[in-house]
> 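Here it is, the structure in full.
From a predicted model like this one, the values you see are computed outputs, not experimental measurements. First the proteins, then the strands, lettered A, B, ... as listed; each starts at 1.
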Amino acid sequence: MYLFEITNFFGRFHPLLVHLPIGFLIISIILSAYNKVNNFSYTRVLRVIWFLSFISAFFSALMGWLLSQNGYYIEEQLYLHKLTGLILVFLSGLGWIFQFLNIPKFLKKFNNALILVFLIVVGHLGGNLTHGESYLFEYAPEPIKTVLISKIKQKKFEELPLDSIGVYKDLIYPIFSSKCIACHNNNIARGGLNMSSAISLFKGGRSGPSIVANDLKKSLAFNRVTRSQDNNQFMPPTGTPLTYDEIKLLEWWINQGASIKTSLIDIKPDSKIQSLLFKNYSIDLRKKPWYEIVKLPAIDESELNELDKHGFSCKKLSSENSLLDIRFNGSEIQEKDLLTLEKYAPYITWLNLGECRLKDSHIKFISKMKNLTRLSLQKNNLKTDALKPLLNLDHLEILNLHSTKVNKEIFELIENSKSLKKVFLWNTLVTSKEINNQNQKYEGIEIVGNSE
Amino acid sequence: MNCNNHKHNYKFSRRDFLTKTSLGLGALTVGSLISPSNLYSQNNFVNNRLPHFTPKAKRVIYLLQSGAPSQLDLFDYKPLLNKLNGTELPDSVRGGQRLTGMSSGQSSFPLAGSIFKFKKFGKSGTWMSELMPYTSQIVDDLCFIKSMYTDAINHDPAVTFLQTGSELPGRPSIGSWISYGLGSDNKNLPEFVVLVTKDKFGQPLYSRLWGNGFLPSKHQGVQFRSGKNPVLYLDNPPGVTADLRKEQLEYLKKLEKINHKDVGDPEILSRMSQYEMAFRMQSSVPEVMDVSKEPDYIYDLYGKESRNPGTFAANCLLARKLIEKDVKFVQLYHQGWDQHGDLPNAIKVQCKDTDQPTAGLIKDLKQRGLLEDTLVIWGGEFGRGSYSQGTLTETNYGRDHHPKCFTIFMAGAGIQKGITIGSTDDFGYNIKERPVHVHDFQATLMHLLGIDHERLTFKHQGRRYRLTDVHGSVVKEILS
């Protein structure tokens, strides 16, 4: 693998080096042909080389300017390349002229240094234009990459707060910039449309406005990219068409009012867009569960053997999460077992004490487990009143009470809880009708009863 | 089945020694220069680093419908096929797709619309055919993937591919990988249990489909049968008491320890742990297989066939009982979906066998809160084609194998409810949106269990293997 990456890394310097032998070889041939005619001095050789350099730089710039007219390049990237290119032509002309003048040496040296700098800059910018910005360092060894690529790479959305992700700025504009702006920019606005700024985008082109808020039919930018690919009005006419997800995102943005300022926190995307954002941009709009947020130092796993002896099976949630998932395996739980369990109270987040003759008086032990998120107490002779201490649990989300002796007064407890999301009450003294009524009354908390 | 036999005679072979000292240290230095972040790569210490992240699902029930159910008659509603019923399948749609030898000789490929009526169900408005009245009632708890596709076009390679990630036999089954990666939650029962519907015919099922491949043999699926002996050869022979058996195993253990010290074959340890597991299963299996205490309304939920041991319905009920006991992976197989001809009649029988029990199982898991951390999967090894195999009449047709698209559904832990992802074209022939390859499905299944499918590997014959080979990406949009 390393070998592959390292060869690839060096391989990408090919376009950089390949131009050198072209120039060197041509100069060698010219000079050796010239040499036959008359045997000339070192100064004259230099003059010839300087002249050839200037002329070739000049024509190369001229051709480059012609190439830029085709509109397949992005204006912002092109601008610097053009500017530095022109300066380089000028400097190389200067270098040639300096060969005939008697000027201080330091000036010549200074000019040479400048030429060297500009040569690297122009060449690199040109390479970026043709091969893409990450081309050169994509396979670079890790240390080089971390220094260089981190600045080039696009934003990592998962690390950003949601209010700083702009829908237009970070999601929509990049689509335009990769698929449309090459032909619709400040310089070349095909069809009169310039998509490089929001103002000119909304202004549209000769056929009409490209974006009309809340109106997909009138929004030509949407209309054109969704036509049949055989249609001669299909956009983009060359290159990769927009992907399904890109079209869906564009559609959603237009339907949401096509605002250029909204951030992801202002509009709540529906589940389809949410999953699209998660899939393509790793933007997770769903709330993290408590057990992923709370961080506790890891417990020494040999300590947990104690729980094993008391009949608990006990697991860490994952290799990265030290909270515990605990189940009692015996048929009857004793107070001494719960006292042992209590020692690990803050670590316990999932607890299953089903079918173990749990008594009402045992609940107080559970109420000390502050980070409990899922609690299963099914198949025990528990009564409603005994469960009151559970209100102390600020993060309890799922409570399983099926096949217990709770009655409809449990609803009061459920309503008073700030965190509960789901309660299982099948096969209790609560009737299906009562459950249905409650579910209609409180939409935030799902109560699961008899499935019929 | 351990092919690293040369190692048995030495704790460290010459090759091991050389690899680990010279190359190992050398590579470490070079590696750290080139890529410091990869220095301590996860691959070397698989088991104590699992699960890789917090799992959404703790257990899986996989209802494998062997023979490939026709998605066009069950889930994937294509009114265009009814409109064009009897006309030729356009070449532009087929796109040169290879066919099986069973229909490639046909002179015509008439499109066959489903004769079954489709309707939208639930708040999610999911299309379902009349063949599955019970499952139709719970669509809001299900997640459909209508754009599954696979590589193989015939049953054996396809089902092997689905189960092991490779068309060639010999790799470990999904359940074995899970058992190997996550271990046991209940020391008295195996991690991976297999239930096969009795008295069914059709495409053959071999034990290698739930085999451990090159993983240690304790990770293989254990088949539970209906009737007096759920696990073959588990009971003591007449005259042998439990104490006697225990004593015998103690002595055997001592001997095998000596043997292992001399030979070093890991299979000896595996075998010993299996003997001990079998001993514990002598009491735990009859307990879990005893369904006599189930109330009548539970039998009614799964359908009346659930009282008949060995049927799909009875197996669904057992699956729930096994899940309640924290068995990690329960795999059911139901044969008979391979309907090349007479599909309309044959599929009715299949649906009658499976529809109510499947829905019953999901409802039962839900009311017990088990659906919170159990994943249920229903599906076959590939789909069926949109043209008729054999003669198309007004009421009868057949469908040949079709690997380019099929439908599966899932429910439970970590999966969004009431959604459908992916779609097929109007001919039900090609995938239009969001293709999901079998390896993607396997990667997603592992992801739900807290496993990064790229990091659960096993070194065998000189290279590291994984369930998804070098493929697969998690289908993120179905995760809740």
> Under a 3.5 Å threshold, yes or no: a donor from one side chain and an acceptor from the other, between B:Tyr302 and B:Asp364?
yes
> Using heavy-atom distances under 4.5 Å, tell me whether A:Glu292 contacts chain B through its side chain, its backbone, both, or neither.
side chain
> Quick check for you: among B:Thr54, B:Asp373, B:Asp326, which has the greatest number of heavy-atom pairs under 4.5 Å with chain A?
B:Thr54
> Heavy-atom distance under 4.5 Å to chain B: side chain of A:Phe278, backbone, both or neither?
both
> Less than 4.5 Å to any heavy atom of chain B: does that hold for the side chain of A:Asp245, its backbone, both, or neither?
neither
> For B:Leu479, is it the side chain, the backbone, both or neither that has a heavy atom under 4.5 Å from a heavy atom of chain A?
both
> More than 12 non-hydrogen atoms from neighbouring residues, nucleotides or ligands closer than 6.0 Å to NZ on B:Lys476, yes or no?
yes
> Could you tell me which portion of A:Asn427 (side chain, backbone, both or neither) has an atom closer than 4.5 angstrom to a non-hydrogen atom of chain B?
side chain
> Heavy-atom pairs under 4.5 Å with chain A: which of B:Gly369, B:Gly450, B:Ser473 has the most?
B:Gly369
> Quick one: which of B:Asn186, B:Ile419, B:Asp185, B:Ile421 has the most heavy-atom pairs under 4.5 Å with chain A, could you say?
B:Asp185
> For chain B, find which of A:Arg327, A:Gln378, A:Lys315 contributes the most heavy-atom pairs closer than 4.5 angstrom.
A:Arg327
> Side chains of B:Tyr299 and B:Leu317, heavy atoms from C-beta outward: is any pair under 4.5 Å?
yes
> Look at B:Arg368 together with B:Glu324 and state whether they make a salt bridge at an N to O cut-off of under 4.0 Å.
yes
> What part of A:Leu276 gets within 4.5 angstrom of chain B, counting heavy atoms only: side chain, backbone, both, or neither?
neither
> Using distance alone, with no hydrogens and no angle criterion, decide if B:Glu433 and B:Ser423 have a side-chain donor and acceptor under 3.5 Å apart.
yes
> Heavy-atom distance under 4.5 Å to chain A: side chain of B:Gln137, backbone, both or neither?
neither
> Would you confirm whether A:Gln274, through its side chain, and A:Pro269, through its main-chain N or O, come within 3.5 Å as a donor-acceptor pair?
yes
> Would you say B:Thr126 and B:Leu142 make side-chain contact, with heavy atoms under 4.5 Å?
no
> Side-chain donor-acceptor pair under 3.5 Å between A:Asn371 and A:Thr349, yes or no?
no
